[in-house]
Enquirer: 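Pasting a structure below so you can have a look.
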Amino acid sequence: MKIARVIVDVPAFQTDRPFDYEIPEKFEHMIEKGMRVIVPFGPRKVMGFVLEVADQTDLKHLKPIDDVMDLTPVLTGELIELGKWIREQTLSFHITAYQVMLPQALKAKYEKELECLALEEELSDELKPLFAGRSVIPFAEIQEKQIPYRKVQEAIKDGLVEVHYIVKSKETRKKSTWVKPAKDLHQLEEALEDFSPAAKKQRAIVEFFIEHKDAIPLKQLLDTLHTTRQTVQQLMKKGLLQTFKKDEYRDPYNNREFIQTKPKELTGEQKQAIKPIEESIVNEKHDVFLLHGVTGSGKTEIYLQTIEKVLKKGKEAIVLVPEIALTPQMVQRFKSRFGADVAVMHSGLSPGEKLDEWRKIQRQEVKVVVGARSAIFAPFQNLGIIIIDEEHESSYKQEDNPKYHARDVAVFRGQYHRCPVVLGSATPALETYARAKKGVYRLLTLSRRINNQSMPEVEIVDMREELHRGNRSMFSRSLQEKIQERLSRKEQIVLFLNRRGYSTFVICRDCGHTLQCPHCDISLTYHRKQERLKCHYCSYEIPMPGRCPECYSDTIRYFGTGTQKVEEALQLTFPEARIIRMDVDTTRNKGAHERLLAEFGHRRADILLGTQMIAKGLDFEHVTLVGVLAADSMLHLPDFRSAEKTFQLLTQVSGRAGRHELPGEVLIQTYTPEHYTVELASKYDYEQFFYKEMQIRKKFQYPPYYYLALITVSHPNQIYTIEVAQRMAKMLNSRLSGQSKVLGPTPSPLLRIKDRYRYQCMVKYKVESKLQMTIKRILQVYEEDMQKNDLQIVVDFQPYHLM
DNA sequence: AGTACGAGCGCG
DNA sequence: GCGCTCGTACTT
């Protein structure tokens, strides 16, 4: 008897281990490790992943596997190992680690049904209206129709009705009709002679098949021959054609044409940089490279050419791009070079589209995947290279469980496949650059732009000075002049506004009362369109009040600089300018992002005003001015990475100007022009910034000098939360080595969210073999309270956000 | 997580 | 003695 070790779809501490099941004979030759199965678990049925097929078990009685959900495994042996590793690293559950690797559409859906086994007349009076002639009903109807559950239980006991647990895959397949000849060539030709002269269309179709003889989608056939379904039907009646259904891929890039591009001639610097990567590929050696190249230095061309090398070896490539930079422009570059060999994965795709792209990878129909974070789990089996573009981007760290970093997963997979990992950035994360300096990663530098263009000039404007001179607008005089200049020259402008730290809160000018969320410690944000105030952390919202709820004054106003407000001010100052605004609000709809960019690209607007999302990857020929409206809005947030993030952002934004013939210019407005971050960013001096910032990190014992683990406790009762956090800190202190530093408990920067108080402990450590164990122990101690008492303990290793 | 089951309590 | 509620232990 064969036995399957299965991880069941129940995310809980107690069930986070393999369970053994008997493989029934009928499945013996079907079930392989990595497949999804349906198993009985207690009284119900759940989905599970087969981790292993074994011959022996310690248990006497095993339940048999109920059903198999896959024909081929969805997890490769490598991914199974990777899942175990992720669980260890992030202290998550097996099941969570595996679920995150697969497209959402493969997640199991559970349904409960009630079947009537007896005749309806035999049921008790209460149950009679339930079935109404049907033999099976959804279980939920019991509640809907308010039928006492006790009566149902009785009926179950008496064997009159039965509960069924059903596990379904959300997976849907799109089918399409195809047509193919039903006879061979000669028979078709013979048949033609019998056609009446009037049957022109029928004749054309048969002639088409004589020429092509392959199957073709019905829709395509009708389109090319300008005919209708009825004509085809006639031919089917004559037995000349037949139709069949075929799985179709939903291809989001179906209707687009990509013009094949050829590898470009590399500059001397690029050649230098590409050489060691290619050596790793040839020698099948795992190395991590940091490709540190200024914006416009041709990193992408290096990616493309190394991938070409990999493909020639018959291997595959993963390219990660930050979600926000996964623009049509970027996709275009890969599709143009590698054509149909490319799958694309990003959040803009529908679940069905994502599944189809994933299937292409699974079936080895593509060789390259370009995608956001989760594409790192692409089920390739012969990886030849992993590339992470803009490796410093915080979106590579997953915010919910499992809280993994794509960079770490990339290194795991690189080691497994003995292939290089390339981290590319103009402004590497400090951790990464420090590792490169130490020799852990191999540093490759591109210091010049291709064609030796210089980086655009940067002007820093001191906004305090502006204010002193009586300019109270959010545009400095210099910026206004420059915008006017561009407008008259018909050139384009990109204005960047960092919204963080500038949310539009509402304040009473009379008494100074600000409107807060009653469930969270945060100001409500004003949404102009709906005239409502909303909380960004919970779903609380109220209509904008006409009077201050405290002092009843009518001088209540909204403050802050949102993109909407800037847009209005901008339009007032430059009435003739055509403005496109890009932020979460204007890009919410599917395809809006792409559409707005295309509009700007076709010069149907003069100014592109936007948030983070326009900072990356944009490349427009006629943009000659980039303005940063408030460079330091993010510099003073309570986050040790705020300087690093600001430097990265300023550098990136600056890179949007003057990428082509026309020279570009950058203007940065700031209230702290003397800050090293602003100053060094304006000089594009990453190296200096690195040293300066490293000194600060060392002084305050932050990464890369120390690793961090952030443990957040939350509960509706503040006293209890503090108690737990204190006990936790004690446990950490007593169990960890003296080398590590335990900070806290401290109130989280956002003390209360959704009526829960939040306190945190931070562990700073260099080597701490007992850390995982200790935190596991803490979680064990509070396991019960977490299950029953609404206590939450969240652990984040190497956190990005300390909130 | 979801469920079954047992201890403890109220009522007849 | 039975029925209800709540806490607990278990799922292969």
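Proteins get letters first, then strands, A, B, ... in listed order; numbering begins at 1 in each.
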Enquirer: Rounded to the Å, how far apart are A:Tyr21 OH and C:dT11 C1'?
Expert: 7 Å

Enquirer: Would you kindly give the NZ-to-C1' distance between A:Lys2 and C:dT12, to the nearest whole Å?
Expert: 18 Å

Enquirer: Take the protein atom CG of A:Asp9 and the nucleotide atom P of C:dT11, then report the distance between them rounded to whole Å.
Expert: 19 Å

Enquirer: Find the distance A:Ile65:CD1 to C:dT12:P and express it as a whole number of Å.
Expert: 13 Å

Enquirer: Using whole Å, what does the distance between atom C1' of nucleotide C:dT12 and atom CG of A:Leu62 come to?
Expert: 6 Å

Enquirer: Measure the distance from CZ on A:Arg17 to P on C:dT11 and round it to the nearest whole Å.
Expert: 8 Å

Enquirer: What nucleic acid atoms does A:Leu59 come within less than 4.0 Å of, heavy atoms only: base, sugar-phosphate, or nothing?
Expert: base

Enquirer: Tell me, please, which residues at least two apart from A:Asp67 pass salt bridge (charged side-chain N to carboxylate O under 4.0 Å, His left out).
Expert: none

Enquirer: Quick one: side-chain hydrogen bond (donor to acceptor under 3.5 Å, both in side chains) pairs with a partner in residues 18-27 of chain A, sequence neighbours left out?
Expert: A:Arg5-A:Asp20, A:Asp20-A:Thr57

Enquirer: Heavy atoms under 4.0 Å is the rule here; annotate nucleotides 1-7 of chain B 5' to 3' with B where the base is hit, S where only the sugar-phosphate is, and - elsewhere.
Expert: BSS----

Enquirer: Could you list the residues that satisfy side-chain contact (heavy atoms from CB on, under 4.5 Å) with A:Ala429, not counting sequence neighbours?
Expert: A:Glu391, A:His392, A:Arg407, A:Glu431, A:Thr432, A:Glu644

Enquirer: Roughly how many Å is it from CG in A:Asp58 to C1' in C:dT12, rounded to a whole number?
Expert: 11 Å

Enquirer: What pairs with A:Arg87 under salt bridge (charged side-chain N to carboxylate O under 4.0 Å, His left out), at least two apart in sequence or on another chain?
Expert: A:Asp16

Enquirer: Can you pull out every ring-ring contact (aromatic ring centres under 6.0 Å, His included) where at least one residue sits in residues 94-141 of chain A? Sequence neighbours excluded, please.
Expert: A:Phe49-A:Tyr98

Enquirer: Nearest whole angstrom, please: distance from the C1' of C:dT12 to the CG of A:Leu51.
Expert: 13 Å

Enquirer: Only one of A:Tyr800, A:Phe377, A:Tyr396 passes ring-ring contact (aromatic ring centres under 6.0 Å, His included) with A:Tyr404; say which it is.
Expert: A:Phe377

